[in-house]
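Have a look at the structure below, then the notes.
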Amino acid sequence: MQPALLPRALMAGLLAALLAVAPAVAQDKDSAKDKPMTLDKVSFGTNWVAEAEHGGFFQAVADGTYKKYGLDVTIVPGGPNDNNRMLLIAGKIDFFMAANTLMSFDAVANNVPLVCVAAIFQKDPQVFLTHPESKVTKLEDLKPLTLFVSKEGITSYYQWLKSEYGFSDKNVRPYTFNAQPFIATAQSAMQGYVTSEPFAVEKAAGFKPGVILLADYSYNTYSTLIETRIDTVQKKPDLVQRFVDASVVGWYNYLYGDNSAANAMIKKLNPEMTDELLAYSVAKMKEYGIVDSGDALKDGIGAMSDERVTSFFQKMVKAGVVKPDIDYRKSYTLHFVNKGVGTELRPKSKN
């Protein structure tokens, strides 16, 4: 063969080889399309039995949002005899629902390698309930009343009430998560969550209680936080981001979309939940801006800010709840939030 013809012959041979391979390559692509996507298995522990206050997470399971983000999520409900946070620390689950920012501060103080990656509730749902005849209209009106407060409340928000508003211990009585002492005592107030206890009192006592939401008086802790281990953030940042984003989308859909499938999951896990209570809880989360308010309106559900965490930390130091020398900035990271994920799912009237 003449040297001048060699490149042309090689090209012809290469073209023939490519044509022969092309159908096989196309077939491989088609079979790849038919292959099911491999999902990352993730476990998420809640801090209480299944309820509407966990609804967005169940929504993301029920409507396939987690799956769209490449996740196979198992929700592990909490309860009075369960400690899902210990399971997180031990590496038995991947994420945990922390009640409030104080838990994150406590992790830092005790060198527990956990970090908060998102704050689903912009407002803590903690309230005091009052009798209509007591004519309470603001927080300070609670001072002369008998106050039913849990031992956890005494060591947290009640210390803030003492330092910020001058409350005292003299009228405090133990709250054992039983509403009857409050119902039987007209000049009293009882702690609760805005999403549940007012409903329970109205059903049991036949009157609509007054509601004082502590978050409206500058008790500015975040609530229902997503917490994980520091090594998970370091080794699997993409997994953490996908779980946060999918959870946020789940919350938009739970609040503003069809949440019937999520509620069915909740009722199956917790038969005490009724359609009426679930609807009430969702309505109160919307009315009081528990999830979608404040920074979340601009940065999306899950939003956090350095300023907000610093402000709450300083209040807790002043109240003697946390020590001033802990590096509270290690308790959270803004790497996974404030990205506006899912904001297009919010009704236009909220924008």
Quiz item: Do the side-chain N and O atoms of Asp258 and Ser260 include a donor-acceptor pair separated by under 3.5 angstrom?
Solution: yes

Quiz item: Taking only residues two or more places apart in sequence, or in another chain, which ones meet Lys135 in a salt bridge (charged side-chain N to carboxylate O under 4.0 Å, His left out)?
Solution: none

Quiz item: Do other residues, nucleotides or ligands put more than 12 heavy atoms under 6.0 Å from the NZ atom of Lys298?
Solution: no

Quiz item: Side chains of Ile226 and Ser247: does their closest heavy-atom pair fall under 4.5 Å?
Solution: yes

Practice problem: Using modelled atom types only, decide if a donor and an acceptor are shared between the side chain of Gln126 and the backbone of Gly192 within a distance under 3.5 Å. | Solution: yes

Quiz item: Which atom pair, heavy atoms only, marks the closest approach of Ala99 to Met103?
Solution: N-SD, 3.2 Å

Quiz prompt | Tyr219 reachable from Val211 in the ILVMFWY side-chain graph, under 4.5 Å edges | solution = yes

Self-check item: Interatomic distance, Asn110 atom CG to Ile89 atom CD1 [nearest 0.5 angstrom]
Solution: 9.5 Å

Exercise. In plain terms, say whether Lys323 and Asp325 are close enough for a salt bridge, that is, a side-chain N and a carboxylate O under 4.0 Å apart.
Key: no

Quiz prompt | Nearest non-hydrogen partners of Met304 and Cys116, listed with the distance | solution = SD-SG, 3.7 Å

Self-check item: Exercise: identify the closest heavy-atom pair between Leu114 and Arg229
Solution: CD2-CG, 3.8 Å

Exercise. State plainly whether the residues Asp306 and Arg329 are in salt-bridge range, i.e. N to O under 4.0 Å.
Key: no

Quiz item: Would a distance-only check, ignoring hydrogens and angles, find a side-chain to backbone donor-acceptor pair under 3.5 Å from Asn84 to Val76?
Solution: yes

Self-check item: Derivation of the side chain to side chain contact (heavy atoms under 4.5 Å, CB included) call for Phe336 and Asp245
Solution: CA-CA 8 Å; Phe336 303 99; Asp245 289 351; over 6 Å; no

Quiz item: Is Tyr165 reaching over with its side chain to a backbone N or O of Tyr217, donor-acceptor style, under 3.5 angstrom?
Solution: yes

Quiz item: Quick one: are the ring centres of Tyr66 and Phe243 less than 6.0 Å apart?
Solution: yes

Quiz item: Roughly how far, to the nearest 0.5 Å, is the CG atom of Asp216 from the CG atom of Asp124?
Solution: 11.0 Å

Quiz item: Under the side chain to side chain contact (heavy atoms under 4.5 Å, CB included) criterion, do Thr224 and Val291 qualify, and how do the steps go?
Solution: CA-CA 9 Å; Thr224 306; Val291 179; over 6 Å; no

Quiz prompt | Joint hydrophobic cluster, Val49 plus Leu269, side-chain heavy atoms closer than 4.5 Å | solution = no

Quiz item: Which value, rounded to the nearest 0.5 Å, describes the distance between Glu152 atom CD and Tyr175 atom OH?
Solution: 11.0 Å

Quiz item: Distance from Phe44 atom CZ to Ile75 atom CD1, nearest 0.5 Å?
Solution: 7.0 Å

Quiz item: Looking only at atom types and distance, does a side-chain atom of Asn47 sit under 3.5 Å from a main-chain N or O of Met97, one as donor and one as acceptor?
Solution: yes

Quiz item: Between Lys315 and Ser218, is there a donor-acceptor pair closer than 3.5 Å when you use the side chain of the first and the backbone of the second?
Solution: yes

Practice problem: Might you confirm whether atom NZ of Lys162 has over 12 heavy atoms from other residues, nucleotides or ligands at distances under 6.0 Å? | Solution: yes

Exercise. Assess the side chains of Arg346 and Tyr252: does a donor N or O sit below 3.5 Å from an acceptor N or O?
Key: yes

Exercise. Specify whether Trp251 and Phe57 have parallel, tilted or perpendicular ring planes, treating 30° as the upper limit for parallel and 60° as the lower limit for perpendicular.
Key: perpendicular

Quiz item: Are side-chain N/O atoms of Gln191 and Tyr157 paired as donor and acceptor at under 3.5 Å?
Solution: yes

Self-check item: Intermediate values then yes/no, side chain to side chain contact (heavy atoms under 4.5 Å, CB included), Tyr222 and Asp295
Solution: CA-CA 11 Å; Tyr222 292 117; Asp295 291 336; 4.2 Å; yes

Quiz item: Sequence neighbours excluded, which residues qualify as side-chain hydrogen bond (donor to acceptor under 3.5 Å, both in side chains) partners of Thr137?
Solution: Asp141

Exercise. Check whether any side-chain heavy atom of Phe167 sits under 4.5 Å from a side-chain heavy atom of Leu142, and report yes or no.
Key: yes

Practice problem: Inspect the surroundings of NZ in Lys339 and state if more than 12 heavy atoms from other residues, nucleotides or ligands are less than 6.0 Å away. | Solution: yes

Quiz item: Below 4.5 Å, heavy atoms only, C-beta onward: do Thr155 and Val321 meet side chain to side chain?
Solution: no

Quiz item: Does Val42 share a hydrophobic cluster with Met265, counting links as ILVMFWY side-chain heavy atoms below 4.5 Å and allowing steps through other members?
Solution: yes

Quiz item: With a 4.5 Å limit on heavy-atom distance, are the side chains of Ile230 and Val233 in contact?
Solution: no

Quiz prompt | Shortest non-hydrogen contact from Phe313 toward Pro324 | solution = CZ-O, 3.9 Å

Self-check item: Minimum heavy-atom distance between Ser156 and Leu102, given as atom pair plus value
Solution: CB-CD1, 3.6 Å

Exercise. Indicate if Met285 and Leu213 have the same hydrophobic cluster label, given that clusters are the connected sets of ILVMFWY residues with side-chain heavy-atom separations under 4.5 angstrom.
Key: yes

Exercise. State whether the side chain of Asn338 and the backbone N or O of Ser305 hold a donor-acceptor pair below 3.5 Å, judged by distance alone.
Key: no

Exercise. State, without any angle test, whether Ser43 and Asp94 hold a side-chain donor-acceptor pair at a distance under 3.5 Å.
Key: yes

Quiz item: Looking only at atom types and distance, does a side-chain atom of Ser163 sit under 3.5 Å from a main-chain N or O of Trp160, one as donor and one as acceptor?
Solution: yes

Quiz prompt | Donor-acceptor under 3.5 Å (Thr46 side chain, Gly78 main chain) | solution = yes

Practice problem: Identify whether the distance between the nearest side-chain nitrogen and carboxylate oxygen of Arg242 and Asp40 falls below 4.0 Å. | Solution: yes

Quiz item: For the hydrophobic clusters of this structure (ILVMFWY residues joined by side-chain heavy atoms under 4.5 Å, transitively), does one cluster hold both Leu239 and Val244?
Solution: yes

Exercise. Using atom types as modelled and distance alone, determine if a side-chain donor or acceptor of Thr101 lies under 3.5 Å from a backbone N or O of Thr221.
Key: no

Quiz item: With a 4.5 Å limit on heavy-atom distance, are the side chains of Pro198 and Tyr193 in contact?
Solution: no

Exercise. Taking the side chain as every heavy atom from C-beta outward, state whether Asn259 and Asn253 have any pair of such atoms under 4.5 Å apart.
Key: no

Exercise. Apply side chain to side chain contact (heavy atoms under 4.5 Å, CB included) to the pair Val149 and Phe128, showing each step before the final yes or no.
Key: CA-CA 9 Å; Val149 184; Phe128 271 106; 3.9 Å; yes

Quiz item: For the atom pair OG1 (Thr195) and CD (Glu287), what is the distance rounded to the nearest 0.5 Å?
Solution: 12.0 Å

Practice problem: Would you check, one step at a time, whether the test side-chain hydrogen bond (donor to acceptor under 3.5 Å, both in side chains) holds for Thr176 with Asn178? | Solution: CA-CA 5 Å; Thr176 58; Asn178 177 2; 5.0 Å; no

Quiz item: When you measure from the side chain of Gln159 to the backbone N and O of Met316, does any donor-acceptor pair fall under 3.5 Å?
Solution: no

Exercise. Calculate, to the nearest 0.5 Å, the distance between atoms CG and OH belonging to Leu214 and Tyr158 respectively.
Key: 11.5 Å

Exercise. Verify the distance criterion only: is there a donor paired with an acceptor across the side chains of Ser311 and Asn220 at less than 3.5 Å?
Key: yes

Quiz item: Got Val201 and Met190 here, is their nearest side-chain heavy-atom distance under 4.5 Å?
Solution: yes

Quiz item: Is atom CD of Glu272 surrounded by more than 12 heavy atoms (other residues, nucleotides or ligands) closer than 6.0 Å?
Solution: no

Quiz prompt | Non-hydrogen side-chain atoms of Leu145 and Asn171 separated by less than 4.5 Å | solution = no

Self-check item: Partners passing side-chain hydrogen bond (donor to acceptor under 3.5 Å, both in side chains) against Thr310 (at least two apart in sequence or in another chain)
Solution: Tyr328

Practice problem: Heavy atoms only: give me the nearest Ala262-Gln59 pair and the separation to one decimal. | Solution: CB-OE1, 3.4 Å

